[in-house]
Amino acid sequence: MVMNRESAQPSLGAIFQQAIALHQAGRLPDALEAYQHVIGHIRQYVEAFLNAGSLLERFGQLAEALQNYDAAIALQPAIPDSHCLRGNLLFRLHRFDEALAAYERAISLCPGFPEALLNRGLLLAHLGRVDEALSSYTRAIESKPDYLGAHLNRGQLLKELRRFDEALASYEQALRIDPNAADVHNNRGILLGELRQHEAALASYRQAIALRPDHGDAHLNLGVLFAELDQVDEALASYDRALAIRPDYPMALNNKAILLKECGRFAEAQACCERALRLQPDFAEAQYTRAELLLLTGDYARGWPLFEARWQSRYRPGTSPLAATPLWTGEPLAGKTLLIEPEVGFGDQIMFARYARLAEQQGARVLLLASAPLCELFTTLGGAITVLEDGHGAPLVDFRCPIMSLPHALRTMPDRVPAVFPYLGVPAARRALWRGRLGAARAPRIGLVWSGAADRYQDRNPRTARSLSLAALAPLLCLPFAFHALHKEIAPGDAETLAAFPALTSHVGELSDFADTAALIAEIDLVIAVDTAVAHLAGALGKPLWVMLPWATDYRWQASGETTPWYPAARLFRQSRAGDWEGVVERVGEALADEFGVNARLR
């Protein structure tokens, strides 16, 4: 604090004004000293307490900051700003109930307090109370129609709720208030990207960057969009610009690593992951990306432990409802009860169900919790395994283990992948039903799966997109085989194409669960599928399997070659360049003709 020692002692009012001037001039330590001087002499200076608290927050002295806010409220309890600032700090300290109470108090003192309404909305959204959060944002806007932050955050929450039209309207209103708001242009670009309006998204990101060239998030998001559009060089350049602005930007490094992995540049991808983790060792997204890289390149010893990071990442949000039960990580199981928990994908559950028998062989009583469409199929695993339907509770057990954590617990290595086939079977009644339904075969039966569940992130760029259209299979469907679609549902566009291929039989409406699909596969000579649950099912049943793969694959299909240790009898057909399904279909057709001795040319 600067004072003229030869002059008369300045008044406390003058010192307070000097503190404000120092604060505005950016001389923050001097400003804090001045505020604290005022506080020490006249306790009723509430604004001094609040301003000092704000600076203490900036200096990371959070406990002291809270004491200042509490002192301000003790002096004058009816000032709304004091309660709002206290709520902000409590929110930052993760003391959510107290923060909410502070915001409610501020709003009770000033019902139209827009900042308190906005911050209350942010807290409610964080707590998952989205309807109340939206109401709070709306009240803030009603109180202050030109409140840019309220429109921006309302749009963000509506986007997360997939109420895209309303979200876009919120962003458009925000831009009418301030056309130069770079953050709004950036968020609008994210939304337009979700809507697959790529040109409009590009324009939004570029406008954000034009307004604020150092907007690291906009460069990052522009890179994500370029990656989706398979403009790899442009994507990498955008990530590098984001990193030039913020060298300590773990998310940009992780996104760059994912793109490099998809391009087969594994060493560079690993380097990006390692750099991200040096910056933020607990960054689960980078741990997960590194795990995928290690597994893909055959380093299972280091890959499986890191793969557990999926539970802290966006790939597996939330915690297990059985989190209080001890997690099995390989401890002796003799005389113990182990509950195997399902994970998100049907294919994942089918692939890793093979481990249930291995756990049983270690002396455990095994309970396998499974998604409803898999329950009857999993009764064919054999042994004394008990299959329980997910969502109906679970008994008390000694250990639990998520199904995709079993390879880690059992120390699976590339040369020790459990490979006893078949490990699944077909319930006898279903087998009889489908044998009667299909009758005698008049030509080799080929089961086809050409697409998976819609709206997966992997299908948003040609490097990882696993699905193709039915029309793309036209060269195969001209061959003299009896083709069967192994789809429970067929996408509308493909349903219109189906009529053009009389050799392809659809079983939509007949496949009630995976036991039905297994029974149908049992009557099939060969399954040709993209990377879906049906491919895993055919492999688990020991059925001849050909898998059509995109350019970039994950560890279960390995990075190259025609085989995988996870399904040794399967034959893999890979794209030779990103998005090249035509070449895959051509090679599959030639292999079909060779396999069955068909003298036919693909048309």
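- Using modelled atom types and a 3.5 Å distance limit, the side chains of E262 and T464 yield no donor-acceptor pair.
- Here the side chain of R411 pairs a donor or acceptor atom with the backbone of A409 at under 3.5 angstrom.
- The distance from atom CG of L473 to atom CZ of F501, rounded to the nearest 0.5 Å, is 8.0 Å.
- Summarising the geometry of L296 relative to A559, their closest heavy-atom pair is CD1-N, 3.7 Å, with the distance given to 0.1 Å.
- In this structure, F596 has its ring center under 6.0 Å from that of F481.
- In this structure the side chain of L367 never reaches within 4.5 angstrom of the side chain of I340, judged on heavy atoms.
- Between the side chain of S467 and the backbone N or O of S451, no donor-acceptor pair lies under 3.5 Å.
- Contact check for L537 versus I521: side-chain heavy atoms found under the 4.5 Å cut-off.
- Pairing each heavy atom of F399 with each of K336, the nearest pair is CE1-CG, 4.1 Å.
- By the 4.0 Å N-to-carboxylate-O rule, K256 lies close enough to D240 to be salt-bridged with it.
- Residue-environment remark: CD (E389) exceeds the threshold of 12 foreign heavy atoms within 6.0 Å.
- Between D348 and R556 there is a salt bridge, with a side-chain nitrogen of the basic residue lying less than 4.0 Å from a carboxylate oxygen of the acidic one.
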(request) I would like to know whether R431 and E523 meet salt bridge (charged side-chain N to carboxylate O under 4.0 Å, His left out); could you show each step before the answer? (result) CA-CA 8 Å; R431 181 73 184 264; E523 302 302 314; 2.6 Å; yes
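- Formation of a donor-acceptor pair under 3.5 Å by the D516 side chain with backbone atoms of S512 is found in this model.
- Proximity of K488 to V508: side-chain heavy atoms (C-beta onward) are nowhere separated by under 4.5 Å.
- For an aromatic pair to be called close, the ring centres must be under 6.0 Å apart, and H536 with W566 fails this.
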(request) Output, in order, the C-alpha distance, side-chain angles, deciding distance and verdict of side-chain hydrogen bond (donor to acceptor under 3.5 Å, both in side chains) for Y555 and T297. (result) CA-CA 7 Å; Y555 64 91; T297 54; over 6 Å; no
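- For the atom pair CZ (F483) and OG1 (T505), the distance works out to 10.5 Å, reported to the nearest 0.5 Å.
- S371 and D390 are not linked by any side-chain donor-acceptor pair at a separation below 3.5 angstrom, with hydrogens and angles left out of the test.
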(message) Run I403 and E341 through side-chain contact (heavy atoms from CB on, under 4.5 Å) and show every step you take.
(response) CA-CA 6 Å; I403 197 164; E341 299 176 274; over 6 Å; no
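- In plain terms, the two heavy atoms of A538 and L545 that are nearest each other are CB-CD1, 4.1 Å.
- A donor-acceptor contact shorter than 3.5 Å is absent between the side chain of E489 and the backbone of H487.
- Between Y423 and F421, the ring planes lie tilted relative to each other; the angle falls in the 30° to 60° range.
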(request) List the steps, then state whether side-chain contact (heavy atoms from CB on, under 4.5 Å) holds for N255 with V224. (result) CA-CA 8 Å; N255 282 20; V224 171; 3.2 Å; yes
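- Of all the heavy atoms in A201 and L225, the pair that sits closest is CB-CD2, 3.6 Å.
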(message) Quick one, E228 with H198, criterion side-chain contact (heavy atoms from CB on, under 4.5 Å). Give me CA distance, side-chain angles, the key distance, then yes/no.
(response) CA-CA 9 Å; E228 276 189 29; H198 295 140; 3.8 Å; yes
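- No close placement of the W328 and H408 rings is indicated, their centers lying 6.0 Å or farther apart.
- The pair E376-R430 counts as a salt bridge, with a side-chain nitrogen and a carboxylate oxygen less than 4.0 angstrom apart.
- Of the possible donor and acceptor atoms, one in the side chain of R354 sits under 3.5 Å from a partner among the backbone N and O of M351.
- The minimum heavy-atom distance linking W581 with P550 is given by the pair CH2-N, 3.8 Å.
- Checked by atom type and distance alone, the side chain of D525 pairs as donor or acceptor with a backbone atom of R445 at under 3.5 Å.
- Nearest heavy-atom pair across F307 and M404 is CZ-CE, 3.7 Å.
- Side-chain N or O atoms of R574 include one that pairs as donor or acceptor with a backbone N or O of G561 at under 3.5 Å.
- Looking at heavy atoms from C-beta onward, V530 lies out of side-chain contact with V547 at the 4.5 angstrom threshold.
- Side-chain contact between F514 and I350: present, with at least one pair of heavy atoms (C-beta onward) separated by less than 4.5 Å.
- For E582, the CD atom sits in a loose shell: 12 or fewer heavy atoms of surrounding residues, nucleotides or ligands are nearer than 6.0 Å.
- The side-chain heavy atoms of D531 and W557, taken from C-beta on, include a pair separated by under 4.5 Å.
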(message) Under the criterion side-chain contact (heavy atoms from CB on, under 4.5 Å), I'd like the reasoning laid out for L338 against D398: C-alpha separation, chi angles, the key distance, then a yes or no.
(response) CA-CA 6 Å; L338 172 67; D398 298 297; over 6 Å; no
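- Electrostatic pairing of R310 and E343 counts as a salt bridge here, judged by a charged N lying under 4.0 Å from a carboxylate O.
- Separation of atoms CD (Q575) and CZ (R577) is listed at 9.0 Å; rounding is to 0.5 Å.
- For the 3.5 Å distance criterion, the side chains of Q558 and T553 fail to qualify, holding no donor opposite an acceptor.
- W551 does not carry R463 over the face of its six-membered ring by the limits of under 6.0 Å from the centre and within 45° of the normal.
- The 12-atom threshold is exceeded at CZ of R571, counting heavy atoms of other residues, nucleotides or ligands nearer than 6.0 Å.
- Note that the CZ atom of R587 and the CG atom of L592 stand 13.0 Å from one another [nearest 0.5 Å].
- Ring centroid separation for the pair Y288 and W311 does not come in under the 6.0 Å cut-off.
- With rounding to the nearest 0.5 Å, the separation of CD in E292 from CG in D554 is 7.0 Å.
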(message) ring pair (Phe, Tyr, Trp, His ring centres under 6.0 Å), that's the test. Do H507 and W434 meet it? Break it down for me.
(response) CA-CA 11 Å; H507 296 283; W434 279 93; 5.3 Å; yes
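- The distance from atom SG of C478 to atom CG of L476, rounded to the nearest 0.5 Å, is 9.0 Å.
- Counting heavy atoms of neighbouring residues, nucleotides and ligands inside a 6.0 Å radius, atom CG of D594 exceeds 12 of them.
- Remark: the backbone N or O of T412 is paired with a side-chain donor or acceptor of W304 at under 3.5 angstrom.
- We find that E360 and R357 are joined by a salt bridge, their nearest charged nitrogen and carboxylate oxygen being less than 4.0 Å apart.
- Between P418 and L358, some side-chain heavy-atom pair lies under the 4.5 Å cut-off.
- Counting only heavy atoms from C-beta outward, the side chains of R290 and E274 approach each other to under 4.5 Å.
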